There are 2 protein chains.
Amino acid sequence: MTPRDARPADERSFLASYDASAFPHPSVAVDVAVVTIEDGELKALLVRRTEHPHRGRWSLPGGFVGMRESLDAAARRVLAGKGGLSKVYLEQLYTFGAPKRDPRTRVISIAYYALVHPGKLRDIGIESDTSRLATLQVPWAGEEGGRVHAVDERGRKLPLAFDHADMLGLVVLRLRGKLDYAGIGFELLPREFTLRQLQTVYETILDRSLNKDSFRRRMLASGRVVPTGRQEAHVGHRPAALYRFSRDV
Amino acid sequence: MTPRDARPADERSFLASYDASAFPHPSVAVDVAVVTIEDGELKALLVRRTEHPHRGRWSLPGGFVGMRESLDAAARRVLAGKGGLSKVYLEQLYTFGAPKRDPRTRVISIAYYALVHPGKLRDIGIESDTSRLATLQVPWAGEEGGRVHAVDERGRKLPLAFDHADMLGLVVLRLRGKLDYAGIGFELLPREFTLRQLQTVYETILDRSLNKDSFRRRMLASGRVVPTGRQEAHVGHRPAALYRFSRDV
DNA sequence: TTGACAAATATGCCTGATGCATATATGCTA
DNA sequence: TAGCATATATGCATCAGGCATATTTGTCAA
């Protein structure tokens, strides 16, 4: 939509008929869930809040949307601010707009999620006092009070600010839904990977074990996975062949 | 996100550290695609714009989001304004925020889609000078210039305002993706329906024909379709059994 | 140098779902 | 009351997924 439909449709100029300052506008922000898989666990990048509200809690990195900036551009700017994450898979997730989600003023937030493989994330030195990679604990699907928890390396729950737990919960559901459909699994792996690594990504996202043989057959038959001719080295057993993702079909 | 992360984290009160009037905010609107299936065609409710910009073009019904109103509530309010569409399936689709999508000022629009069966829509008297049910012509998936067209009953293209063609395109993709997964097909049918009607819904959304026997077996085996014991009447051939949707698996 | 190891890779079979063809049932209409 | 058009039922071939078993191959330790 755009003009106020309820307005009398007389012949004033469109500038006169739409006065942006005539009523208050909400603030618009983006929040970005940077997700990776490490040691068979889903993890997300969290930053500690240093200001009210929810001071001391953990939140997704975010920022306000500039007046001349697209939503995607705002999300990429937030990513760039977090140590140079560029060229990563980024997709809009959902828009959160409960009137009281921020106690200060009305803030509507467009949530995004980015997928990175753990090596890339560790390279840019994420862990610090105000930034960490938190493990996502996903309760059983549809379970009562099935909210996603973020925990530290010792399993202690990290308190999340605002509705960011809802955002992370939606990320998990979206990943499960798009896993087969789109090439999401590959975004969480380095450029070359073994089928075992790919299966671990699938099993982590789906939170269930998969049949090894049929997984292998299905992936090879899909044509989205092509052998590079190389194989792993120094793994203490027969090395697996390395594959890469093929976008075409 | 919420506070300005770049701000110095000193000890001023949070009210002082966040001045909503210090920088301009975009307008926030919702647009709702009311979708139905009639005569084996996907159709959407369009309204004719009576003001600039895109005066005379067709657009999705929409409205601005109130400062104390959730996004879902805003979308339902828009629906209620269109002749009393309540209790319909409504789901957030995607948020469109290109800086120039509205030439007047920055407007960020959260697109929704609603699913209705055609009887319900016809009952409330949709067709008029400024409102109509337009057929969606969906080009072959991934085809060059694969934009969705809205056409009138004679097949003439209706010009769409803003990025509303993109919105309708996304609706179609979303419907295809969620068709098997969620109970979307049933929202486009009356409370009791035949398996043939359900198959037509599936074929219309997927834009391909399905095997009748396996479709029937699959639906009955899914447990989401239960017989009511009743059957159609006066159809000029053997009447089909009537079924209804069962939410519990 | 060689054998044990651990996981990758290969092969075969069973089962269930889907595609397809054919046969039968049934309310409506002329 | 016969014919019609479509629903419903049954049988079979094909294919993908689940599962078990056998073989292959770098690594590491004796």
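Chain A is the first sequence line, chain B the second, and so forth, proteins listed ahead of strands; every chain is numbered from 1. Because the structure is predicted, anything quoted here is derived from the model rather than measured.
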Enumerate the ring-ring contact (aromatic ring centres under 6.0 Å, His included) contacts for residues 188-207 of chain B, please, sequence neighbours excluded, ordered by first and then second residue. B:F186-B:F193, B:Y202-B:F215
Just the endpoints, please: which first and last nucleotides of DNA chain C, 5' to 3', lie under 4.0 Å from a heavy atom of chain A? C:dA6 to C:dG12
side-chain hydrogen bond (donor to acceptor under 3.5 Å, both in side chains) partners of A:R154, counting only residues at least two apart: none
Report yes if the side chains of [X] and [Y] come closer than 4.5 Å at any heavy-atom pair, otherwise no.
X: B:L42; Y: B:V171; answer: no
X: B:I37; Y: B:P118; answer: no
X: B:L60; Y: B:L46; answer: yes

Listed pairs, N/O of protein and of nucleotides 16-18 of chain D, under 3.5 Å:
| from | atom 1 | to | atom 2 | distance (Å) |
| --- | --- | --- | --- | --- |
| D:dG18 | OP2 | A:S214 | OG | 2.3 |
| D:dG18 | N7 | A:R217 | NH2 | 2.9 |
| D:dG18 | O6 | A:R217 | NH1 | 3.4 |
| D:dG18 | O6 | A:R217 | NH2 | 3.4 |

[X]: partners by side-chain contact (heavy atoms from CB on, under 4.5 Å), with sequence neighbours left out:
X: A:E192; result: A:T228, A:R230, A:L242
X: A:V78; result: A:V30, A:V32, A:P61
X: A:A241; result: A:Y243
X: B:A44; result: B:L136, B:L168

Using a cut-off of strictly less than 4.0 Å between a heavy atom of the residue and any atom of DNA chain D, enumerate the qualifying residues of residues 189-203 of chain B by number. B:R196
Neighbours of DNA chain D within residues 232-243 of chain B, by heavy-atom distance under 4.0 Å: B:H237, B:R238, B:P239, B:A240, B:A241
With A:R174 via salt bridge (charged side-chain N to carboxylate O under 4.0 Å, His left out) - residues at least two apart: A:E91
Tell me, please, which residues at least two apart from B:F96 pass ring-ring contact (aromatic ring centres under 6.0 Å, His included). B:Y94
Lys/Arg-Asp/Glu bridge criterion (N-O < 4.0 Å) met for B:R101, B:D166: no
